[in-house]
Amino acid sequence: MSGDGNSSLGHKAFSRSRSHFADRITADGRDGWPVAAGRYRLVVSRACPWASRSLVVRRLLGLEDALSLAVADPIQDDRSWRFTLDPDGRDPVLGIRYLSEAYDRRETGYPGGVSVPAVVDVPSGQLVTNDYQQLTLDLATEWTALHRPGAPDLYPEKHRDEIDTVMAEVYEDVNNGVYRAGFANGQQAYEEACAGVFRRLEVLAGRLARQRYLVGDTLTEADVRLFTTLVRFDAVYHGHFKCNRWKLAEQPVLWAYARDLYQTPGFGDTVDFDHIKRHYYQVHTGINPTRVVPLGPDTAGWLTPHHREELGGRPFGDGTPPGPVPAGEEIPVVGRP
């Protein structure tokens with residue numbers, strides 16, 4: 001998610017820019033960035049669904065010790081993502097006040113937006129990648145030497161074609177579809193995007209009525225990518241983005257599926273509803289100029305029984321759940337149900 005041009009959102013046609021810095025961190029280091037414990041720092045906003053993918057995958061794979069975490073303030077200023085949650089407003093590892101400083105060290109005068117997730121090379125302070133689509137796949141497949149014992153296979157080779165197909169559909173109609181609806185600058189563009197969101201959600205509900213997870217009988221990257229939109233749906237997309245045909249909590253299958261994932265270690269324990277709501281409603285002044293943040297919805301329902309285990313499935317396959325959230329990474333009480 002970029003912090004560039006927030007006041008213009010809703011006033012011009014919405015188009016998501018491609019990741020400009022697409023270097024990959026790989027086991028063989030072919031792009032010049034070899035996988036190495038402690039070398040890189042993951043910069044996220046807990047408000048951002050694209051960054052939240054990397055938070056979930058990092059937890060599920062047990063990469064917390066290998067890949068350190070910097071959490072930006074959900075409220076941006078004109079220089080975008082900032083480290084005002086840290087003492088003295090500086091990231092304690094990178095020593096910078098703004099994520100843009102890491103971008104500048106990589107490419108001076110870079111004209112695009114400053115987006116998260118971003119991976120920064122700690123020794124040089126340079127941005128390595130902001131390619132949110134590839135990052136989590138590489139964490140699953142290139143960082144295997146650093147995975148925890150019992151880490152699940154989130155991108156199993158035998159299911160990759162199906163996972164890729166599902167993820168592409170979810171991205172176009174749901175992950176990005178809610179943004180095309182919310183930032184539409186005309187009635188027709190809004191209606192087409194909004195209709196596409198709910199058509200796809202209904203197809204997914206049909207699929208998930210028969211099986212616990214999107215592909216196969218275990219958690220995969222496809223579930224991670226759908227979850228990060230669903231967990232924000234009632235809190236921000238239903239009202240703020242006008243995706244209000246129905247609430248997630250009114251769709252029995254998707255609501256149960258989302259609660260199942262939220263209650264799975266590695267998913268809900270990365271979600272901060274306070275950061276989510278304050279970011280969307282206070283930063284997107286183009287569509288919410290008053291910056292008023294709604295009191296609802298009540299998030300207590302996320303902890304209610306879902307009964308999805310009746311469909312079978314093995315969340316972690318032959319593996320095990322991740323351990324406790326590391327000290328210092330817990331979600332504050334205000335951000336939890």
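All values below were derived from every heavy atom in this structure, side-chain atoms included, with hydrogens, water molecules and symmetry-related copies excluded.
With values rounded to the nearest 0.5 angstrom, Gln76 atom CD is found 4.0 Å from Trp81 atom CH2. Interatomic distance, Arg278 CZ to Ile75 CD1, rounded to the nearest 0.5 Å: 5.0 Å. Separating the CZ atom in Arg259 from the OG1 atom in Thr264 is a distance of 12.0 Å, to the nearest 0.5 Å. How far CG of Leu311 is from CG of Leu208: 9.0 Å, rounded to the nearest 0.5 Å. Distance check, rounded to the nearest 0.5 Å: CZ of Arg39 to OG of Ser124 gives 7.0 Å. Note that the CG atom of Leu60 and the CG atom of Leu55 stand 11.0 Å from one another [nearest 0.5 Å].
Judged by distance alone, with hydrogens and angles left aside, the side-chain atoms of Gln251 form a donor-acceptor pair with the main-chain N or O of Leu254 at under 3.5 Å. Without hydrogens or angle criteria, Arg225 side chain to Gln133 main chain gives a donor-acceptor distance under 3.5 Å. Not one N or O on the side chain of Arg314 forms a donor-acceptor pair closer than 3.5 Å with the backbone of Gly319. No donor-acceptor distance shorter than 3.5 angstrom exists from the side chain of His275 to the backbone of Cys48, with no hydrogens or angles considered. Not one N or O on the side chain of Gln282 forms a donor-acceptor pair closer than 3.5 Å with the backbone of Lys277. The backbone N or O of Arg30 sits less than 3.5 Å from a side-chain atom of Asp28, completing a donor-acceptor pair.
Cluster membership check: Trp143 shares its hydrophobic cluster with Leu42, using side-chain heavy-atom separations under 4.5 Å among Ile, Leu, Val, Met, Phe, Trp and Tyr. Hydrophobic clustering places Phe273 together with Phe227 (ILVMFWY residues linked when any side-chain heavy atoms are closer than 4.5 Å, directly or through intermediates). One hydrophobic cluster, built from ILVMFWY side chains closer than 4.5 Å, cannot hold both Val325 and Val57; they sit in different ones. Tyr98 and Tyr103 are members of different hydrophobic clusters when ILVMFWY side chains are connected at heavy-atom separations under 4.5 Å. Hydrophobic cluster membership differs between Ile331 and Val231, with clusters built from Ile, Leu, Val, Met, Phe, Trp and Tyr side chains linked at under 4.5 angstrom.
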Exercise. Under the side-chain contact (heavy atoms from CB on, under 4.5 Å) criterion, do Leu219 and Phe267 qualify, and how do the steps go?
Worked result: CA-CA 11 Å; Leu219 290 164; Phe267 284 84; 3.9 Å; yes
For this session: Give the intermediate values and the outcome of salt bridge (Lys or Arg N to Asp or Glu O under 4.0 Å) for residues Glu330 and Arg336.
Result: CA-CA 10 Å; Glu330 305 93 342; Arg336 304 197 304 258; over 6 Å; no
Problem set entry | Candidate pair Arg106 and Asp23, rule side-chain contact (heavy atoms from CB on, under 4.5 Å), full reasoning | CA-CA 12 Å; Arg106 172 66 184 272; Asp23 286 6; 3.0 Å; yes
For this session: Could you check Glu169 against Arg207 for salt bridge (Lys or Arg N to Asp or Glu O under 4.0 Å), going step by step and ending with a plain yes or no?
Result: CA-CA 13 Å; Glu169 294 169 346; Arg207 184 186 189 98; 6.0 Å; no
Problem set entry | Verdict with supporting geometry, Asp138 and Ile25, side-chain contact (heavy atoms from CB on, under 4.5 Å) | CA-CA 7 Å; Asp138 283 344; Ile25 301 169; over 6 Å; no
For this session: Applying side-chain contact (heavy atoms from CB on, under 4.5 Å), run through Leu201 and Leu230 and close with a yes or a no.
Result: CA-CA 10 Å; Leu201 289 177; Leu230 294 184; 4.1 Å; yes
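Taking each heavy atom of Thr228 and Ser52 in turn, the nearest pair found is CG2-CB, 3.8 Å. The heavy-atom pair separating Arg59 from Pro322 by the smallest distance is O-CB, 3.3 Å. Across all non-hydrogen atoms, the minimal contact from Val253 to Ala209 is CG1-N, 3.7 Å. The shortest heavy-atom contact between Pro156 and Ile163 is CD-CD1, 3.8 Å. Between Val43 and Val120, the shortest heavy-atom distance links the atoms CG2-CG2, 4.1 Å. Contact detail for Leu99 and Phe83: the closest heavy-atom pair is N-CE1, 3.7 Å.
Here the side chains of Pro117 and Leu135 are in contact, with some heavy-atom distance below 4.5 Å. Looking only at side-chain heavy atoms (C-beta outward), Glu221 and Thr141 stay at 4.5 Å or farther from each other. A heavy-atom distance below 4.5 Å is found between the side chains of Arg148 and Thr320. Between Val122 and Leu94, some side-chain heavy-atom pair lies under the 4.5 Å cut-off. Residues Pro74 and Arg46 form no side-chain contact, since every pair of their non-hydrogen atoms from C-beta on lies 4.5 Å or further apart.
Of the candidates Trp255, Trp302, Phe233, Tyr262 forms a ring-ring contact (aromatic ring centres under 6.0 Å, His included) with just one, namely Trp302. Evaluated for a ring-ring contact (aromatic ring centres under 6.0 Å, His included) with Tyr237, the options Tyr280, Phe198, Tyr281, Trp246 yield exactly one hit, Tyr280.
Using bins of under 30°, 30° to 60° and over 60° for the plane-to-plane angle, the ring pair His284/His279 lands in the perpendicular bin. Relative orientation of the Tyr132 and Trp50 rings is tilted, given thresholds of 30° and 60° on the angle between their planes.
No side-chain donor from either of Asp131 and Thr129 sits under 3.5 Å from a side-chain acceptor of the other. No donor-acceptor contact under 3.5 angstrom links the side chains of Arg58 and Thr270, judged on distance only.
For an aromatic pair to be called close, the ring centres must be under 6.0 Å apart, and Tyr213 with Tyr257 fails this.
Annotation: Asp318, atom CG; neighbour count of heavy atoms from other residues, nucleotides and ligands within 6.0 Å does not exceed 12. Annotation: Asp65, atom CG; neighbour count of heavy atoms from other residues, nucleotides and ligands within 6.0 Å does not exceed 12.
Residues Glu101 and Arg90 are not paired through a salt bridge, judged by the lack of any N-O separation under 4.0 Å between the basic side chain and the carboxylate.
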